[in-house]
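Working notes for the structure below.
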Amino acid sequence: PARRQRLPAPNPSIPMPSTRPTPAIAALIILLALPACAPRYPGRRVATSGRDTGDCLARPCRTIGYAVRQAKAGDTVSVDSGTYREAVTVAKRLTLVGHHATVDAAGQSSPANGFFIRGAGAAGTSVSGFTVRNAGLEGIFLLRTSNVTIEHDTVVGNDAYGTSNPLCTRHQSDCGEAIHLQTVTGSSVRANEVRGNLGGVLLTDEDGPTHDNVIADNAVIDNAKDCGVTLASHWLDTTSRRPAGPEIAGVYKNTVVHNTVSGSGGVGIGIFASGPGAASWGNVVEGNTVTRSVMSGLAIHSHTPAQNVDGNILRNNVLADNGIDVENPEDKGPTGISLFSAAVPIRGTVITGNRISRQRLGIVAVRADSIPNLASNPMDSTVAQRTVLLHPGSGKTSH
C-alpha cells in the first residue's frame, strides 16, 4: 500500500488564508443565487389561476385587462399559458408578452377587438407571443399612436362580424382586417401568422397620416374575403380638389417586405386611394412572395380625381397563380401586377426585378406614365403576354 505523506506542521509565524469570502465574492454568490428565487417572468404577471386583486406583482392576476390597469407606463405584463376571454385596451406604453397565451375576444364589444392600442400615451407599446382569435372586428387594432411593435403573434379567425355589420358601413371593402394600423407612424408588424380572417394587414389614414411603418416577415395566409396586405388611403376631401399633403393625411413611405401572402380573397398586396383627397404614395413593396390571390398579385388603384398614388416601388417580388384584377377593366388575366387609374395619371412607379410565373399576363397598366425597365422583370414561358400598357386619351397602346 502507498505510504501516506506526512504534512509539515503549520508555522505559527505564517498567517493562514481566511476561509471567509471577500465582499466582492460574497456579492457574486448572492447574485448567482437570485435567479432561482426570482419570478418565472418579469413584471406584472397574469395566469388563469390568478385573482384580480392587488398589483399583480407578488402573485398573478386573472385577466390581462386588470393587469394593464394596474401597470404603470413602461411596465412589462407577462401572461402565462392559457385562454383569456376578454378584450384588452392599452392606452399607456407597455410591453405585453404572451407565453403560449390566447386572447379569445368572442362576444366582446367594448372594444370588439382582441387588443386595442390607442392614443399617444400607448406609443412604444409591444405585443408579442399571443394568439388572438374570434374578435368581431380586428384582432389587433392600432389607432392614433406610434412606435408600436406587433411581433410573433398568431392572429386567426377574427373579423367575425363580417362586412354587413353597421360598424363596417363606412368602408365595407376594408372592414378592419386582422391587424389594422389607422393613423399610425413608425411602427412594426413583424413575423406574425395572420390566417383565416376576413383580410390580413391593413394601413389607413382616416384621422391623419400613416407613414414609416414596416410590415415584414409575416405569413398572411388564406384570408379569403379581402386583400392580404392593404395600404389604403381613406382620407376624404371634396372641397380642396387636391390630394392630401403629408402633414394632413395619406398612407406613405411604408415598407412591405419579405412577407408570404397566399390565398387572399382580393389582391395579394394592394396600394389604393378611395375617394377625392386620398393619397397612397412613396411606399415600397419588396421581396414578398404572393400566390393564389383571387385578384392580381400586386395592384395600385386610383378611382377619382384629386388623388395621389405616385412614386410607389414594386421590386423583387415573386408572383404566381394569382387571378384577375376585376377593378382594372383592361385586365384580361390572370395577372401578376395590375395598375389602374380612372382619372389622374399614375406617375413615378418603379416595377423592377419581379419574378412572374403561371400568369396569363405579366403586367397590366392603365394611365401609368413612364414605367422604365419593365424588361427587368423576369417572366417564364407560362406568361403569355409580358406587358399591356394603355394610355387612354393619347391613342397609345403598347405591349
Side-chain angles (χ1 to χ4, degrees), residues 117-120 122-123 138 141-148 167-177 179-189 199 201-215 226-227 229-256 266-267 269-285 298-314 327-328 338-350 365-370:
I117 302 169
R118 61 178 176 85
E138 303 95 331
F141 182 27
L142 281 59
L143 176 65
R144 295 194 297 270
T145 190
S146 63
N147 300 309
V148 173
L167 294 174
C168 296
T169 54
R170 183 175 179 188
H171 293 292
Q172 290 191 354
S173 63
D174 296 320
C175 187
E177 326 297 70
I179 301 175
H180 185 183
L181 282 62
Q182 179 174 319
T183 309
V184 173
T185 62
S187 296
S188 171
V189 176
V201 180
L202 173 65
L203 282 67
T204 64
D205 62 343
E206 286 88 341
D207 307 287
T210 290
H211 63 86
D212 291 288
N213 302 291
V214 177
I215 313 300
D226 217 324
C227 300
V229 179
T230 306
L231 286 68
S233 176
H234 289 164
W235 187 259
L236 183 63
D237 183 350
T238 59
T239 60
S240 69
R241 299 183 181 180
R242 61 178 179 268
E247 71 285 355
I248 297 173
V251 178
Y252 59 88
K253 294 185 178 179
N254 301 286
T255 301
V256 180
V267 170
I269 301 175
I271 300 173
F272 306 136
S274 57
S280 297
W281 56 271
N283 300 288
V284 177
V285 177
L298 307 180
I300 299 174
H301 293 165
S302 174
H303 297 284
T304 72
Q307 292 186 339
N308 176 10
V309 291
D310 295 344
N312 293 294
I313 298 173
L314 313 179
E327 295 193 22
N328 185 341
S338 171
L339 278 64
F340 171 73
S341 174
V344 296
I346 303 174
R347 297 186 172 93
T349 308
V350 175
V366 178
R367 283 196 178 88
D369 284 358
S370 182

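Across P246 and W281, no two heavy atoms sit closer than the pair CB-CZ2, 3.9 Å. Closest approach of Q307 and P276 over heavy atoms only: NE2-N, 4.2 Å. G275 and T304 get closest at one heavy-atom pair: C-OG1, 3.6 Å. Residues R347 and D369 share a closest heavy-atom pair of NE-OD2, 3.9 Å. The shortest non-hydrogen separation linking A279 to A244 is CB-O, 3.9 Å. Pairing each heavy atom of S233 with each of S280, the nearest pair is N-OG, 3.2 Å.
With a 4.5 Å cut-off on side-chain heavy atoms, V256 and V201 do not count as touching. Looking at V229 and I269, their side chains come closer than 4.5 Å, going by heavy atoms from C-beta outward. Put simply, the side chain of D205 reaches to within 4.5 Å of the side chain of H234, judged on heavy atoms. Taking 4.5 Å as the limit, every side-chain heavy atom of V309 sits out of range of all side-chain heavy atoms of H301. Within the 4.5 Å cutoff, no side-chain heavy atoms of V184 are placed close to those of V148.
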Starting from the C-alpha separation in whole Å, work towards a yes-or-no answer on side-chain hydrogen bond (donor to acceptor under 3.5 Å, both in side chains) for H303 and E327. CA-CA 9 Å; H303 297 284; E327 295 193 22; 3.1 Å; yes
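Not counting sequence neighbours, F340 has no partner by the ring pair (Phe, Tyr, Trp, His ring centres under 6.0 Å) test. Under the side chain to side chain contact (heavy atoms under 4.5 Å, CB included) criterion, P305 pairs with A343, not counting sequence neighbours.
If you take CD1 on I215 and CG on L202, they are separated by 10.0 Å, rounding to the nearest 0.5 Å.
With respect to L203, the side chain to side chain contact (heavy atoms under 4.5 Å, CB included) criterion is satisfied by exactly one of I179, T210, N283: T210.
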